[in-house]
Amino acid sequence: METMRAITQRTFGGPEVLVLGSAPVPEPLPTEVRVRVAAAGVNPVDWKTRSGAGMAKVFGEPPFTVGWDVAGTVDAVGPGVTRFAVGDRVFGMPWFPRQAGAYAEFVTAPSRHFAHRPAGLSEVAAAALPLAGLTAWQCLVDIAAVQPGQRVLVHAAAGGVGHLAVQIAKARGAHVIGTASSGKHDLLHDLGVDEAVDYRREAFERAVEPVDVVYDLIGGEVSLRSLDVLAPDGLMICLPSAAAADALAAARERGLRATGMLVEPDGDGLEDLARLVDQRNLRVVVAETFPLERASHAHRAGELGRTTGKLVLTT
């Protein structure tokens with residue numbers, strides 16, 4: 001039996017539970033493709049799941065392999081696949097929230113969980129895009145339906161989801177306001193943000209005029225304070241949605257609209273993101289890369305909460 005390298009864990013815990021081991025190379029079922037993974041994105045849900053939170057209830061008890069973001073090359077196709085052929089360069093977020101096992105050398109999943117990788121996007125950048133990009137796209141386009149001229153406030157605007165969200169909102173013609181520490185304001189302006197607010201130096205609710213959409217990627221008291229800048233007919237989207245209950249209840253009490261969400265695999269959405277990349281309206285910021293065997297180091301870096309953009313593993 002052919003084997004591959006894969007990061008596994010046999011118990012919940014800190015980054016040290018992530019170990020490099022071997023696993024059988026998976027075979028694609030009908031409608032599935034097998035992708036030889038060149039790079040895998042690292043997301044907060046990965047380390048939350050590793051520790052027993054996140055999608056741990058979906059996964060069940062270890063052993064398992066975390067990770068959903070992948071970029072690589074189609075290595076085999078199952079019967080019925082027409083979207084891809086062996087050798088195609090693809091990226092995707094397969095199976096979420098079920099186990100995808102992206103921290104490995106091969107992944108199998110339905111072909112519609114992937115899209116062709118844009119020519120102008122490296123494998124590393126492509127691996128950083130799917131989960132964060134689809135989260136932003138599904139929130140701002142599918143749920144909020146952001147329109148030209150609307151005012152959109154993005155909290156944690158320089159983070160993994162945030163830096164993509166501000167570009168998507170800008171590409172939709174919105175006036176974009178982002179909160180981040182002052183050291184990240186140059187990046188935000190480069191990404192198209194119209195107003196950058198240093199949350200450490202001033203209360204954003206005093207600095208920001210009413211907005212049509214609040215995209216809150218922090219939660220807690222930031223969500224509650226955000227209601228003060230939400231227009232009467234506006235919408236606040238709170239992530240992570242599991243922690244949004246208090247904000248949603250507070251919004252209802254004030255007659256305001258608010259919702260949580262959970263991202264879904266979306267081949268069409270990936271193609272929309274790829275078009276933005278091709279049009280040079282979307283770029284992916286990668287803060288640091290780690291070899292697969294240093295997955296635990298990537299998790300430690302991510303859990304510090306200081307990352308600008310994304311972290312990526314390379315195989």
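Scope of the values below: all heavy atoms of this structure, side chains included, with no hydrogens, waters or symmetry mates.
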Reported CG-to-OG1 distance for the pair Leu304 and Thr307, which is rounded to 0.5 angstrom: 7.0 Å
Atom CD of Glu271: over 12 foreign heavy atoms under 6.0 Å: yes
Any Val285 side-chain heavy atom under 4.5 Å of Leu187 side chain: yes
Separation between CD of Glu293 and CG of Leu313, rounded to the nearest 0.5 Å: 9.5 Å
Hphob cluster co-occupancy, Val161 + Trp137, side-chain heavy atoms under 4.5 angstrom: yes
Ring centres under 6.0 angstrom apart (Phe12, Trp47): no
Linked, directly or transitively: Ile7 and Val312 (ILVMFWY side chains, under 4.5 Å): yes
Check against side-chain contact (heavy atoms from CB on, under 4.5 Å), Gln167 and Asn281: CA-CA 7 Å; Gln167 296 176 81; Asn281 288 323; over 6 Å; no
Joint hydrophobic cluster, Val154 plus Ile218, side-chain heavy atoms closer than 4.5 Å: no
Pairwise distance CD(Glu264) to CH2(Trp95) - rounded to 0.5 angstrom: 14.0 Å
Salt bridge flag under 4.0 Å for residues Glu105 and Arg36: no
Residue pair Leu270 / Leu134, side-chain heavy-atom distance below 4.5 Å: yes
Name of the residue among Thr135, Val214, Asp216, Thr259 meeting side-chain contact (heavy atoms from CB on, under 4.5 Å) with Ile237: Thr259
Heavy atoms of other groups near Arg300 CZ, more than 12 under 6.0 Å: yes
Test of ring centre spacing under 6.0 Å for His299 and Tyr103: yes
Salt-bridge contact Asp228-Arg254 (side-chain N to carboxylate O under 4.0 Å): yes
Step-by-step ring pair (Phe, Tyr, Trp, His ring centres under 6.0 Å) determination, Phe114 to Trp68: CA-CA 11 Å; Phe114 297 94; Trp68 286 274; over 10 Å; no
Inter-residue atom distance Asp266.CG - Met93.CE, 0.5 Å rounding: 8.0 Å
Pair Phe64-Phe59, ring pair (Phe, Tyr, Trp, His ring centres under 6.0 Å): steps then yes or no: CA-CA 8 Å; Phe64 53 67; Phe59 278 33; 4.9 Å; yes
Lys/Arg-Asp/Glu bridge criterion (N-O < 4.0 Å) met for Lys48, Glu303: no
Distance-only donor-acceptor check, side chains Lys310 and Asn43, under 3.5 Å: yes
Salt bridge flag under 4.0 Å for residues Arg34 and Asp75: yes
Arg112 atom CZ, neighbour heavy-atom count above 12 within 6.0 Å: no
Shortest non-hydrogen contact between His185 and Ala180, atoms and distance: NE2-O, 2.9 Å
Within-4.5 Å side-chain heavy-atom neighbours: Leu227 and Met236: yes
No-hydrogen, no-angle side-chain donor-acceptor test under 3.5 Å, His155 and Ser226: yes
Cluster link Val37 to Met4, ILVMFWY, side chain under 4.5 Å: no
More than 12 heavy atoms of other groups within 6.0 Å of Arg89 CZ: no
Ring centre gap for Phe91 and His116 strictly below 6.0 Å: no
Any donor-acceptor N/O pair, His163 side chain to Gly159 backbone, under 3.5 Å: yes
Nearest-0.5 Å distance that lies between atom CG in Leu282 and atom CG in Asp272: 11.5 Å
Common cluster, Val222/Leu224, ILVMFWY with side-chain heavy-atom separation under 4.5 Å: no
